[in-house]
Colleague: 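Below is a structure I'd like to ask you about.
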Number of protein chains: 2
Amino acid sequence: MSLPTKNFLKEISLQTDHSKKPTEKQQKIIEAAIKMFAEKGYANTSTSEIAKEAGVAEGTIFRHYRTKDRLLLSILLPFIKKSFPSIAEGVFKEINLDQLTSFEAFLKALITNRIEFIKAHKEIFRILIKEILYNEKLKKELEPFVIKNILSRILPMIERFKEQGELVDLPAETIMRILFTHLFGYFISRFLILPDDIVQDEEAEVEILVNFIMEGLKKRS
Amino acid sequence: MSLPTKNFLKEISLQTDHSKKPTEKQQKIIEAAIKMFAEKGYANTSTSEIAKEAGVAEGTIFRHYRTKDRLLLSILLPFIKKSFPSIAEGVFKEINLDQLTSFEAFLKALITNRIEFIKAHKEIFRILIKEILYNEKLKKELEPFVIKNILSRILPMIERFKEQGELVDLPAETIMRILFTHLFGYFISRFLILPDDIVQDEEAEVEILVNFIMEGLKKRS
DNA sequence: TGTGCGAGTGAGTGATTACTCACTTTTATT
DNA sequence: AATAAAAGTGAGTAATCACTCACTCGCACA
């Protein structure tokens, strides 16, 4: 696989700028591609298979999405665009930051918000994780974007809660890394490895996870 | 990719049974394959690339390993064979189970043991995780093996420590799932996502991780 | 009713894929 | 030194890959 040579994130705007409403066949193609990429991975799915699954001629795929790469990107980019900024905008609005909230409340809102988002786009999330792990190039291109959006927003929060004496006395970067490792690990385990229906009581699940992380990160007495 | 039709785990014995010492060229092939599979993934690596990297004719690969599938398996199977049983045999011998040890000591021994093992076979671990996530077939075939080896050994341990009143009052399966999720998540984050040299003080890292998990799982007062 | 245009088609293309096989070279055994 | 087996080779093969292009179709607008 060879992704576009230039920084592909610039394509986000180009991609969604002149966004005409998709054709019926276009939707079928996207649906089929999402299904098959999530199941077998991008590299193991051929365009002819996608065409067959979508009930469309192979040429139609290339009429709308010039290459197989761009088909993948036209699935992933809107998802990325919607997902990362909304971590801030969604979560930070749900809990009122003007008043002093606890780190626990913040964490609970964050986790609940992300779980609902991933559940709503489970297959695309699977594709994204698979390709980030499988394709070094995609990973490398996404890294600065993630660092900028996540790290720069969460780190100050951690610093603040540390100052409030709520968090364990470790460097903020270390706390961040622990948080990232465990949250990300949880999402991968739950949505990519463990069976789909393993969690019955979602609220209890979040409660356990938050408690778990809080016990590991809160200030020791 | 099409893995062998029959249960491939039976091939473990067949594979390593009549284990003649490998040729110089065989080693070069394996080394090249490990390097490239870990870097680009199995599906994105061609046998001609491997041959070139190993400084060998392409035919030589197929002389020794009949198919590309079997080349992958001859890398993964010895690793799997060595890794899963040794979780029990290694860890369970390190800590003396005859006397009453704490869950914390058990956990620390387990994590230290696994980190050292993965560090010693970092690239093959990466290949295994990538292919388990990417290839549903491999995942499905590995599942019962993992369940049998891990779950059946760890669950009784959890039950026991629960009876000793060390662990939080949740079903053993839930504790197991939390443990698995966070340990597995930690390994994936650390060895597949985060940069290689991020951990300087290994002992402190284990300490933090054990504390973290213990605080989340130990009996609440 | 004609005309232009984007949507859709599918046979065709060159490149690449995993894999084969007739052959040569190296190694082991006597 | 003779011989057989094993290791190594690389041109060749059928299949599949992503992608192209000359073409048809259906529909809006004149």
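Below, all heavy atoms of this structure are taken into account, side chains as well, without hydrogens, waters or symmetry copies. Numbers restart at 1 for each chain; the letters A, B, ... are given by sequence-line order, proteins then strands.
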Colleague: Does D/dT16 have OP1 or OP2 sitting under 4.0 Å from an N or O in the side chain of A/Ser46?
Modeller: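 For D/dT16, OP1/OP2 do not have a side-chain N/O of A/Ser46 under 4.0 Å.
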Colleague: Between C/dC19, C/dG10, D/dC19, spot the one nearest the side chain of A/Ala57, thanks.
Modeller: C/dG10
Colleague: Is it the case that the ring center of A/Tyr134 lies less than 6.0 angstrom away from the ring center of A/Tyr42?
Modeller: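 No, the ring of A/Tyr42 stays outside the 6.0 Å limit from the ring of A/Tyr134, centre to centre.
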Colleague: Has the side chain of B/Arg126 got a donor or acceptor atom that lies under 3.5 Å from a matching backbone atom of B/Phe191?
Modeller: yes
Colleague: State which residues pass side-chain contact (heavy atoms from CB on, under 4.5 Å) with B/Glu31; sequence neighbours excluded, sorted by chain then number.
Modeller: B/Gln27
Colleague: Would you kindly give the NZ-to-P distance between A/Lys28 and C/dG8, to the nearest whole Å?
Modeller: 13 Å
Colleague: For B/Gln26 and C/dT27, what is the distance between atoms CD and P respectively, to the nearest whole Å?
Modeller: 15 Å
Colleague: Can you check whether B/Thr60 has a side-chain N or O nearer than 4.0 Å to OP1 or OP2 of D/dA7?
Modeller: no
Colleague: Please report, rounded to the nearest Å, how far the P atom of D/dA15 is from the CD atom of A/Glu49.
Modeller: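 The distance from CD of A/Glu49 to P of D/dA15 comes to 17 Å, rounded to the nearest Å.
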Colleague: Just how far, in rounded Å, is C1' of D/dA18 from CZ of A/Arg66?
Modeller: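 One finds 13 Å between C1' of D/dA18 and CZ of A/Arg66, rounded.
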Colleague: Ring-plane angle category for B/His121 and B/Phe79, please: parallel below 30°, perpendicular beyond 60°, tilted otherwise.
Modeller: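 Perpendicular.
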Colleague: Would you mind classifying the nucleic acid contact of B/Glu58 as base, sugar-phosphate or nothing, using non-hydrogen atoms under 4.0 angstrom?
Modeller: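 Base: the residue B/Glu58, judged by heavy atoms under 4.0 Å, touches a nucleobase.
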Colleague: Which whole-number value in Å describes the distance from B/Tyr65 OH to C/dT20 P?
Modeller: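 To the nearest whole Å, that distance equals 16 Å.
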Colleague: Send over the distance from A/Lys52 NZ to C/dG8 C1', rounded to a whole Å.
Modeller: 19 Å
Colleague: Can you find a side chain N or O atom of A/His64 that sits less than 4.0 Å from OP1 or OP2 on C/dG8?
Modeller: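 Answer is yes, contact under 4.0 Å.
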Colleague: For C/dT26, does either OP1 or OP2 sit under 4.0 Å from a side-chain N or O belonging to B/Lys25?
Modeller: no
Colleague: Round to a whole Å and report the spacing from CD of A/Gln27 to C1' of C/dG8.
Modeller: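 Checked: the CD to C1' distance equals 16 Å.
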Colleague: What's the separation between atom CG in B/Leu209 and atom NE2 in B/His182, rounded to the nearest 0.5 Å?
Modeller: 10.0 Å
Colleague: Map A/Thr45 and A/Arg63 onto DNA chain D by nearest heavy atom, then report which one ends up closer to the 5' terminus.
Modeller: A/Thr45
Colleague: Looking across every strand, which nucleic acid part, if any, lies under 4.0 Å from A/Thr23 by heavy atom: base, sugar-phosphate, or nothing?
Modeller: sugar-phosphate
Colleague: B/Ile50 has an atom CD1; how far is it from atom P of C/dT17, in whole Å?
Modeller: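 Value for this atom pair: 11 Å.
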Colleague: Between C/dA18 and B/Lys68, is there an OP1 or OP2 to side-chain N/O distance shorter than 4.0 Å?
Modeller: yes
